[in-house]
Structures are given as structure tokens and as C-alpha cells.
Amino acid sequence: MSLLNLPTRFDFGQTEAKWTQVWKTKDYFHPQASGDAPSFSIAFPPPNVTGVLHMGHAANISIQDALIRGKRKLGFNTLWTVGTDHAGIGTQVMVEKQLKAEGTSRQELGREGFLERVWQWKDEYGSRIFEQMMRLGASGDFKRARFTMDEGYSTAIRKVFVDWYQAGIIYRANRLVNWDPASQTVLSDLEVESKEEKGSLWHIRYPLSEDPSQGIIVATTRPETMLGDSAVAVHPDDSRYQHLIGKTVTIPLSGRQIPIIADGEVADPSFGSGAVKITPAHDFNDWECGQRNDLEIMQVIDINACMNDKVPAQYQGLKVIKAREAIVTDLETEGFLVQVDDHIYQPGRSSRTGALVQPLPLVQWWVDMKRLADPARDAVREGRIKYVPERYTDEGVEWLEKDIRDWCISRQLWWGHQIPVWYDEQGEIAFVGTEDPDPEQSQNWTRDEDVLDTWFSSALWPFATLGWPEQTPELKHFYPTTVLSTARDILKLWVARMNFSSHYFLDKIPFEHVLVHATILTKDGKRMSKSKGTGIDPLDMVNKYGADACRYWLAQVSLTGQDVRFADDKLESSQHFVTKIWNASRFVLMNLDDFDPNYSLDLTQLKLSDRWILSRLRQLHTVVTQSMDDFSLHHATRELYQFIWTEFCDWYLELAKPRLQGEQRQQVQAILFTCLNTMLHLLHPFMPFVSEELWSEGLKKLDPNLPGEHLAIAPWPIIDHLPAVDNEAESQMDLLMETVRVIRNLRMEVGVASNKSVESVYLASTEATDREILNASQGMICTLAKVDQLQISSEMPELEQAAHGVSQTIQVALPLAGLIDLDKESERLEREIGKLDKDLAGLKQRLENPKFVDRAPADVVEQVRSQMQELTYQHQLLTERLQSLKS
RNA sequence: GGGCGGUUAGCUCAGUUGGUAGAGCAACUCGUUUACACCGAGUAGGUCACAAGUUCGAGUCUUGUACCGCCCACCA
């Protein structure tokens, strides 16, 4: 390809496809698990095979790939493990929906037939997810891709279950659990969400058994549960009810008699009537109360959220909501309903199906969390696992420290890891093992129907993906992983669980850093939601703006610690940046057609602008390199933008243009080459495609000796041979740029069109060094300010008609006989003087404060003094101008 | 009820150890000067939510208030 007649727009579609293919063919992202290079590894949080990736995934890919690509180029042996999660409930729900649309059901297909269908689904969506990742440029190791239900992974799961079972950490117990009637399975506490909803608080009178004319009033948000009440509790110190404790009341509509008990934990005298009905089978607090007081557990709601046969006939089989209506009506009719209040409460709902969660007593499998939590907590508390941003540290461990409750791991689903437990004919546990039992021996045994919670398998992700429980080279080489980058909402659900699993089985931390990235919100700051249609497919954005633009924007905003609002136009400006890079590179390459790669830059012949841009380049290099270690990707991206667009394009390239025509051509070419080469390397983690294209098709062809066959694996640029940061050059350039700005400003103010050059500009300074700098850079000022010639002197001559300005210690005058409107000019000067007055007043106030001069550091005082001096000087000059104008 | 964030230019957001506020987009003016009009040059726009405190000095530190968001625990 010839870069000399490239289009002015970067064709991202074609280029992305090309490089994805090349990188894949070259196997660049499939590292050997050997060698002396330090390792840097990330396990990509496996997306659910329920569907396609969303913007949150794209953000996370942008972050992780930036780090992986950066570290790869920095010489680390990098492994980015990718894969997908079987997502038990989620996937099963999706496939069941599909079946329903086809007029069949999982029950009709049977367990085996159903699982076959789910595997088909998985194959389709799993590969689609990998395609999406590749489209975004993810340099993951797709050859080592894993799935949470692949063979090796399943072996790991079995081992964990059996080990924990044998250690007594996994046990089976009958307890109150969260039941999702929609998906017909148990949920863990973390899978239940509660949000405020409008409801009612019904006050119901329970008559005293011995004297129905008396009674006790209880309040409830769920009247239907009264049919399963086992007691009414009052506070032991509540004087109103002392005489009733120990007596019994009759449950209205049911006629059952239940005791009035004293329980200080569940009854709050200040709420409602101070008396509370206790339903151990359907409420977590009541369950605890039942345990304390040895109450009957009377289940009245079944797994379909319907009233069961323990309730009066007229309510049997009714859905709880219907039953509630019927019961309330009947209570009212029979005079038991005392009062109804509007009430805001927070019912639990399934995070997956949104169904109202029913607390039900069921026999399930549990993990004893207290046996696992401590080492995981210590690793975080002692700083061996670091959270970024730091504030998430607490969120990461508080759950392990305080709120920890045992984890219910069995699910009544078909899709997942079936629990490796067999029961004998009596229903007793007969066998638990990593291999299936001997068929002869197990003839009359039945296997536990349930599967394990999806998070039980996700908890092994960072090490199971590396081959554990086998002691693989990958495990030795890449474990613990370096970084885990994830969304905030799964810190407990997933991150904490990987932590304790890793400590138990490998006695190691699973990762050193936990990066918590931003949530990508809609334009209005709402959560993106597929069901509301506010979700955005990253591929649409890639197709529209290109992968580089998307990645760059996401990397820039996703690690600042703040959630971000997404809108198309933001990607537009990133795309403009890509175009800018493309065109700047095109210009450089066009001017390197006769570039001699063997020419070595003569450091003794550098001009001011050369020294300046190289100094800036070095600082850019430092910032971007640093960002790979401290994850300050937003700094890196911003600095790249500032450097490339403003410093390199707006100033340096403009200065380079005339020099490329003269005797300095080779020297300038060498600097342009160095800048572009370094820029493309530093950009590559954020914009892999455009940088690879420009480097491989451009620079690498000009100088085949550049290390690395492609930019993706070319070593990070070394700039040690370049001059150190040059403060002198930077401050001198600042002076010159400021002067150019003043001239441009004057031109605009007096209405000189920007394409017209002006004949001459007068510059005067009493400082010899100023004049020296100006004299040495006359050409530069003329080029940038479109001026034919400069008159540089120590004193500003009296000019007939001119516009005046001042740049630091330099007076600037633009003489334009006939073009200057005297009134406008004095107005302008007055405006400038006004600004100076304001600034000077502030400075003066500080300097006149003896405490400031006394207590502030000397360099700060000095800085204020010199600023004062400079502004005073400017003030004086402009005032003189104004006076002479008026006289 | 407890915890954590946020409140900075019209909009979306930066602002590293306290030294007197920046970018992108939008607006306005000028310009097609052969890298780029997805461009260049310039202009305008902010008592940094509010109040007190510490300090010579506070967007930055402390306390309180208001509003918005998230997380946890829940009074039935």
C-alpha cells in the first residue's frame, strides 16, 4: 500500500478486519507458559451466554485490553484468559422462553433433551460473544478460552464440592430459603433485590380465645400469611400486654389457636400496636423467632406461590395475591379488619425474573461461610489485594466480616453442574464423589436432581481456567493473576467468592488488584436496560464510529471512579481524534518519502521547537507508561490527546512545514519519525487498529529495522537516547506561543482576515534574553502568525496607527494605517487594562499581607512577586498606549 | 436507619501532594493557507450546591445542611 495517496478518512472497517486476522494468524496473543519474563495475567470476567455483550462489557474490554497490550509491549509475558459463563437461571429462562414460543416445554423434552437444546444455545451465543470481543480488538487468548461447564472445569467443580463436603463446610439443611416461583428455584440472598413499592398495612384483630370480646391487634403487609401464624409476639416489657402473655388467641377465618408470647427481638412496642404476628414458615424474622420459642412451622404457601391444603378450603389453590384480596374482604365482612394504612415497603424480588420472592422452608445445600471468610478478609485488610478506587475496599470485605450468612448453593434447575450426591432408597446420602458411583453398586440410588448456583462455578474462575486442579504450567506461571477488572455490582456475588475459594484451595490470593470500572449509563443518567430498550449494542457503535474511537472513549472515562453517561456524540469526538491522528500521520509519512533510516539525529543541531517537542514527548511517554502500573488510563488518554492534537499538530507540524523544504529536511524528518513512532506505540493500547495500520504499513516500511514485526508485539519505545526534559526549551516556547497568540488576537480584533498576511509586527522588550529568543525564532513567529517581517527592538517606537498588546514581558504592536478604529482600539485597551487591574488587585492583596509573606513558602512568594512585576509592567505599557491614543 | 459517591462554563466531565479553575461538545466571529472543514485561528462563558471552621491562602482539608444516585440492613 502506498501511503502517499491515502484517503483523508481512516477506513476503520476494512482495517479492523485485516489486523484482527493478522494478529490471529500470527498467534500473538497465545503466550507460552514459560520463560523468564515477568508475567501479567488477567482473567476476563466471563460474560453470560444468555446473550450478547453490552456497553459495560465493552468498557471492561477497553480497560483490560489497554493494560494487556501495554504490558505485552513492555516485555511482560501476558495472558488474558477469556471465556463464558453458563449462567444457570438466566440461560435456562431464555431457552424455556424459546421452547414456549415453539409450543413445547422443558418438561416435554425431558432433562436430556432440554440440555441438548441449551448446549445448542450456548454454542451459538458463546461464539457470538467471542466475535464481539475480537471486533473490539480484544487481544485475549482465544485458544485457551474456557467455559464454566467444559470438561476440565466440571472436574474442578466436583473436586471443590467433594472437598468441602468432606470437610463439613458443605452441608444439607432444612431452612427458610428465598424461593423464586417464576423460575421455580431457590435463590441466594445476593440474588434477591428489594426496592420500595407501594403497599398497605392491614391492622387485624385477633380475638382472645377465653374471651372473644377482647383481643389483640396485629399489623401486617401480607395478610395471607396469617393462616400460617404460630404465635403473636409482644415485647416482654410492654405494660399493655403483660396480662396477655401466655394466653391464646384465635386466628380469624381459620379458627386455629395460637399463643401470645413475649419476644423482645421481634416485637417493637413503638411500632403499630406493639404486637406482631409470627409466621415462621414465610418470614425470615419470624423463622428466627420460631427457632427461639420453639414454635410450630406451618407452611401455607407452596412452590407455585399458591395457598396449599393447610388453609380453609375457600382459599386453597389461590395465588397469594388473590388469596390476600379474598382474606381482606372476609376480614372486613366479619369485622376483624380494624384499619388499613398506605404503606411503603420493600418486598424481595428475584434479580433474574423479577418475581416476588416467597420465603419457604426447604431442604437445601449450604456452604458454611464462617469457615472460609477469614483468610479472604485478611488478604484485603492487609493490602495484599488492592481495590481501585480504594473506597471499594470496604465494600469488598464488609460482607465477609459482618453480614456473612451461609450460602445456599443448590438450585432447582436443569442447566448447570448437577450436585454429585446420590441417595439410597431411604433418601439418605449414600455417595458423594468426584467420579460417578459404580453402576452396579448404585442401582437403587438416585442422584440429587439439583444443580449448583452459577456463582459456585464462577468462584473458581481465575484458577480453574488455568487448569486447576491439575498443576499445569499455566497455573504455575500465571497465578495469582495480576488484575481483575469488574463491574461494581458483583463485588460480593463474585469477587469475594473467588477470594475465599482461592485461599482455601491454593492458599493464594486470586489477583493483586481489583479494578472497579464505571457503570455506563444512558444519556439521562439511568441504568441501561435491555427490556426498556435503552441498552446499546457495542457492535453498533463499532460499526458506526470504529473500534478505536469506542475503546479510546471508554478507556478515558471508565476508571475515573465516576459513573458515566453515554451519548453518541461523545464517540463522535473520539472518532475525530482518530481522523486527526490519521491525517497527521499521513502528512508525516508523505514527507518521509525520501527518509533515510540510517540518518541519526544530530542532537547538537536541535532548534528550540525540536527541543520542546522532544521534551514534551518524553513527558508523554512517562505518563502513559506510568498509567499501565497505576491504572490511570484517563490521564494517559487525555495526555495523548493534548500532545497529539495541540502540541504536535497545531504547533510542531506547522513549524516543520517550511523547514521540510530547506536544508534541515533530514533533521526534521528524523524528529517527525521519532515522534510518530513513539506516539503510535503509546496509542496502541487504546487504539490498536489505527496505530497498527500506520505503523506496520507506514513506519515499518520506511525503516524495516524497527524492532518488532507488528506494532502489537513491538517493544515499548525507548527514549533514553533523547534529551532529558528541557525546562528551558519549554518556557521559551511558552513565550513564543504566547506572543503568536497575542499577534493572532490583535489581527482578529482589528479585522484582518486569517488568510491575509500582515506586513510587519513590532516586538519590543527591555530584556536582552527576550530579544535573543525572538531574534532566533523570527521565522517561526512569522509562519505561525502570518506576518511578513518582524521589527524587534528594546523600545517600542511611536507608531502612527497600531493595535497594541503584550505577551509576558514583550510589547507587541500591529501597525495598520487606516485599519484601526481609534475608538474601538481604546475600548479594547481599556478592557485589557481592566482585566489586569483585577488580577493585580488579587496579587497585591496577598503581597501586602505580612502573614502571607511570612508564612507561605519562599518559592510561592517569589512566584507571586514576579507575576506582580510582570503584570504591573504590562499594565504600565497598555496604559501608556491608551494615553497616547487619547492625546 | 447505616454506609459510600456526586453537586465545577449552556451540556458531558477533568482538576495528582491546599498556591487562586481546564477539556470536549454547543454558541459567536474570521478563514477553504496542498495533512485534516471529522479542519485552522480567535471570542465569550464559572462568587467550583449552600453555611461555618482550620489556614497567610480552600474546588481541594474538617463539620453541618440541601438535593441526586448507589449499596446494606430492615418496623411487622
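Here is the naming used below: chain letters follow the sequence lines, and residue numbers restart at 1 for every chain.
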Report task. Could you tell me whether the side chain of A:Arg405 and the main chain of A:Asp189 form a donor-acceptor pair under 3.5 Å? Result ->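 Absent.
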Report task. Just jot down the side-chain hydrogen bond (donor to acceptor under 3.5 Å, both in side chains) partners of A:Gln626, sequence neighbours excluded, or say none. Result ->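 With neighbours one apart ignored, the set is A:Asp630.
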Report task. Name all residues meeting the side-chain hydrogen bond (donor to acceptor under 3.5 Å, both in side chains) criterion together with A:Gln291; count only those two or more places apart in sequence or in a different chain, and write none if there are none. Result ->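 Not a single residue meets the side-chain hydrogen bond (donor to acceptor under 3.5 Å, both in side chains) criterion with A:Gln291.
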Requested in this report: Counting Watson-Crick and G-U wobble pairs whose two distances are both under 3.5 Å, find the runs of 3 or more in a row that involve RNA chain B.
Outcome: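 Detected stem regions: B:1-7 with B:66-72, B:10-13 with B:22-25, B:27-31 with B:39-43, B:49-53 with B:61-65.
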Query raised in the report: For A:Trp582 and B:A37, what is the distance between atoms CH2 and P respectively, to the nearest whole Å?
Result: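 The distance from CH2 of A:Trp582 to P of B:A37 comes to 14 Å, rounded to the nearest Å.
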Query raised in the report: Over how many whole Å does the gap from A:Asp859 atom CG to B:G57 atom C1' extend?
Result: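 Atom-to-atom, A:Asp859 to B:G57, this comes out as 14 Å.
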Query - Qualifying residues under side-chain contact (heavy atoms from CB on, under 4.5 Å), relative to A:Asp394, sequence neighbours excluded - result: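 Once residues adjacent in sequence are excluded, the partners of A:Asp394 under the side-chain contact (heavy atoms from CB on, under 4.5 Å) criterion are A:Arg381, A:Glu398.
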Please tabulate the protein-to-nucleotide N/O contacts below 3.5 Å involving nucleotides 11-14 of chain B, giving atom names and distances.
| unit_1 | atom_1 | unit_2 | atom_2 | d |
| --- | --- | --- | --- | --- |
| B:U12 | OP1 | A:Arg565 | NH1 | 3.3 |
| B:U12 | O2' | A:Lys570 | NZ | 2.1 |
| B:C13 | OP1 | A:Arg565 | NE | 3.4 |
| B:A14 | OP1 | A:Thr560 | OG1 | 3.2 |
| B:A14 | O2' | A:Arg638 | NE | 3.4 |

Query raised in the report: Should A:Lys835 be listed as having a side-chain N or O under 4.0 Å from OP1 or OP2 of B:A44?
Result: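 Result: yes.
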Query raised in the report: Nucleotide by nucleotide, 5' to 3', does protein get under 4.0 Å of the base (B), only the sugar-phosphate (S), or neither (-) in nucleotides 27-36 of chain B, counting heavy atoms?
Result: --BBSSB-BB
Query raised in the report: Are A:Tyr641 and A:Phe577 close enough that their ring centres sit under 6.0 Å apart?
Result: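 Yes.
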Query raised in the report: Using atom C1' of each nucleotide, how far apart are B:U63 and B:G22 to the nearest Å?
Result: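 It works out to 29 Å between them.
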